[in-house]
Amino acid sequence: QVQLVESGGGLVKPGGSLRLACAASGRSFRDKAWGWYRQAPGQQRDLVAHSSGGRTNLDDSVKGRFTISRDAAKNTVYLQLNSLKPEDTSVYYCNFLDYPASWGQGTQVTVSS
């Protein structure tokens, strides 16, 4: 059974940074398409960044501010959030793109002064 555990969220002021982590057990991120999603209250869950075929793709809303990376040894993927804005406030999740696992609990990011 694949399990995903997100961490690293918190309360940050506008312009601040956070690094989110997503550790997987039961399946490797290596050679798989995977991504980071976010869901604001009352909104649908949206894909904001993903890695596929060795390429990174970012939604226009986060391009230039967010980056993704992977640590193969830890089977963990990361989402670096820089220049955060209040509209980035959401619960952030990771998942595989080809055969999604059950969603983890996510990690809350709140951007507020």
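Everything numeric in this text was worked out from a predicted model, so none of it was measured.
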* Asked: What is the minimum heavy-atom distance between D60 and K63, and which atoms define it?
  -> OD1-NZ, 3.1 Å
* Could you grab the distance from atom CD1 of I68 to atom CG of L58, nearest 0.5 Å is fine? => 6.0 Å
* **Straight-line distance of S51 OG to N57 CG, nearest 0.5 Å** => 8.0 Å
* To do: Could you walk me through whether L79 and V77 pass the side chain to side chain contact (heavy atoms under 4.5 Å, CB included) test, one step at a time?
  => CA-CA 7 Å; L79 180 65; V77 297; over 6 Å; no
* Mark yes when over 12 heavy atoms from residues, nucleotides or ligands other than E87 sit less than 6.0 Å from its CD; otherwise mark no. => yes
Check residues 2-17 and write down every donor-acceptor pair under 3.5 Å in which the side-chain atom is one partner and the other belongs to a residue at least two apart or another chain.
unit_1: E6; atom_1: OE1; unit_2: G106; atom_2: N; d: 3.0
unit_1: E6; atom_1: OE2; unit_2: C94; atom_2: N; d: 3.1
unit_1: S17; atom_1: OG; unit_2: N82; atom_2: OD1; d: 3.0

* In Å, rounded to the nearest 0.5 Å, how long is the span from CG of D46 to CD of Q39? -> 8.5 Å
* Identify the two heavy atoms, one from A24 and one from N75, that lie closest to each other, and give their separation to 0.1 Å. => O-ND2, 3.0 Å
* Asked: If you measure only the distance, is there a donor-acceptor pair under 3.5 Å linking the side chains of T110 and Q108?
  -> yes
* Run the numbers on L47 and D59 for side chain to side chain contact (heavy atoms under 4.5 Å, CB included), then give the verdict. => CA-CA 8 Å; L47 181 66; D59 185 82; over 6 Å; no
* Asked: With the 4.5 Å side-chain cut-off for hydrophobic clustering, are V91 and L18 part of the same group?
  -> no
* Asked: So, D88 and K85, do they make that salt bridge, N to O below 4.0 Å?
  -> no
* **Heavy-atom check, side chain of L20 versus side chain of V109, under 4.5 Å** => yes
Output a table of donor-acceptor pairs, distance under 3.5 Å, between side-chain atoms of residues 30-37 and any protein atom two or more places apart or on a different chain; print 'none' if there are none.
unit_1: K32; atom_1: NZ; unit_2: R30; atom_2: O; d: 3.4
unit_1: W36; atom_1: NE1; unit_2: Y78; atom_2: O; d: 3.3

* **Heavy-atom check, side chain of L97 versus side chain of H50, under 4.5 Å** => yes
* **Distance, nearest 0.5 Å, that separates CZ of R65 from OG1 of T67** => 11.5 Å
* Should R27 and D98 count as an ion pair when the cut-off is N to O under 4.0 Å? -> yes
* To do: Enter the distance from R45:CZ to N95:CG here, rounded to the nearest 0.5 Å.
  => 8.5 Å
* To do: Scan residues 80-99 for pairs that pass ring-ring contact (aromatic ring centres under 6.0 Å, His included), counting only residues two or more places apart or in two chains.
  => F29-F96, Y93-W103
